[in-house]
Amino acid sequence: MNIRGTIKITPQAVVRDGQTLPTTKHGDALLTECYRNSHADYPKYFKMDGLCRLGFVASELLLMAQAEERFQPRDDRAVVLASCHGCLETDQRYETTIDDNDNYFPSPAVFVYTLPNIVTGEIAIRNKYLGESSMYLFEETTSEEERLQLLQILTFEDPMTTSALIGWLNYLDGEHYLAKLYLITNE
Amino acid sequence: MEELIEQLKKQIIEVLNLEDVTPADIENDAPLFGEGLGLDSIDALELIVMMEKEYGIKLKNPAEGKEIFKSINVMAQYVNEHRTK
């Protein structure tokens, strides 16, 4: 496995390929600051839930630093991520729209994010990746090495895949999240 | 009616998370879907929920939304005539 790039985002900082990127905000506001700084011009960002915003921003910052043409349809790149909380934050938010019989207004816009693999789909759609797209739920106690190894094995089981965005994406709330993504190739 | 139009614009921006849009950006006669604000089918469902929650208007047939959400003017007219709260 060859690692071509890495990104780590916490509520406090963004580190890409070992370099801390200049930011001024923290928490959810940090993600939106990164989105605006990336000049992604993707208004759908504002409709996304926290997990998707985190994954979107992490993938944007990672991929924009790569010397490769983007947004060309390709079926040899996969997006395979793992999480321990999945979309729990959105599930809870959705529940608030349906838990009161006298105020029962289920939100379609929140409901669409009540699946943890929506984030890998969002990244694949944005980048026109037609390869494998999966989100796995791992125990929180799984070590980073184990996660990476498992994801790598799962990813390259598909013979079509030559490169992939893999890694850890966990969003508990606006103050507690972690993205650690890698762009890898099977060379 | 002007007050209702302004209120609808603010509610649409809030409910649909149109972060970079202000009420002034929404033209009263411009289509809300397609070329207008670029809203999608999930936004349409969210607007149907908003109509019921805020104005007590229950759209039983989602296809009705296509006509009602044509523009802010059309929407305001419909709300004005059918609101129960």
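Small disclaimer: the values here were computed from a predicted structure and weren't measured. Below, read A as the first sequence line, B as the second, and so on, with proteins coming before strands; counting in each chain starts at 1.
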Under 6.0 Å from the [atom1] atom of [X], do we count more than 12 heavy atoms belonging to anything else shown?
X: A/F111; atom1: CZ; value: no
X: A/H85; atom1: NE2; value: yes
X: A/Q66; atom1: CD; value: yes
X: A/E68; atom1: CD; value: yes
X: B/K9; atom1: NZ; value: yes
X: A/E175; atom1: CD; value: yes

Quiz item: Is a side-chain donor or acceptor of A/K47 paired with a backbone partner of B/N17 at a separation under 3.5 angstrom?
Solution: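 It does not hold such a pair.
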
Quiz item: For the side chain of B/E19 and the backbone of A/F46, is there at least one donor-acceptor N/O pair under 3.5 Å apart?
Solution: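 No; zero donor-acceptor contacts below 3.5 Å.
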
Linking I/L/V/M/F/W/Y whenever their side-chain heavy atoms sit closer than 4.5 Å, directly or via other members, would [X] and [Y] fall into one cluster?
X: A/M64; Y: A/V14; answer: yes
X: B/L18; Y: B/M51; answer: yes
X: A/V112; Y: A/L169; answer: yes
X: A/L62; Y: A/L51; answer: yes

Practice problem: Please report the closest heavy-atom contact between B/E46 and A/A109, naming both atoms and the distance. | Solution: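 Heavy-atom minimum between the residues: OE1-N, 2.7 Å.
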
Exercise. Measure across A/P106 and B/V49 and return the closest heavy-atom pair with its distance rounded to 0.1 Å.
Key: O-CG2, 3.7 Å

Quiz item: Is there side-chain contact between B/K53 and A/T97, with at least one heavy-atom pair below 4.5 Å?
Solution: no

Quiz item: For the atom pair CD (B/E54) and CZ (A/F105), what is the distance rounded to the nearest 0.5 Å?
Solution: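 Going from CD on B/E54 over to CZ on A/F105, the span is 8.5 Å.
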
Quiz item: Looking at CD1 of B/I42 and OH of A/Y113, how far apart are the two atoms once the value is rounded to the nearest 0.5 Å?
Solution: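 Rounded to the nearest 0.5 Å, the CD1-OH separation comes to 8.5 Å.
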
Quiz item: Is it the backbone or the side chain of B/D40 that comes under 4.5 Å from a heavy atom of chain A, or both, or neither?
Solution: neither

Quiz item: B/L16 versus chain A, heavy atoms under 4.5 Å apart: side chain, backbone, both or neither?
Solution: both

Quiz item: Do any of residues 77-85 of chain B come closer than 4.5 Å to chain A, heavy atom to heavy atom, and if so which ones, in number order?
Solution: none

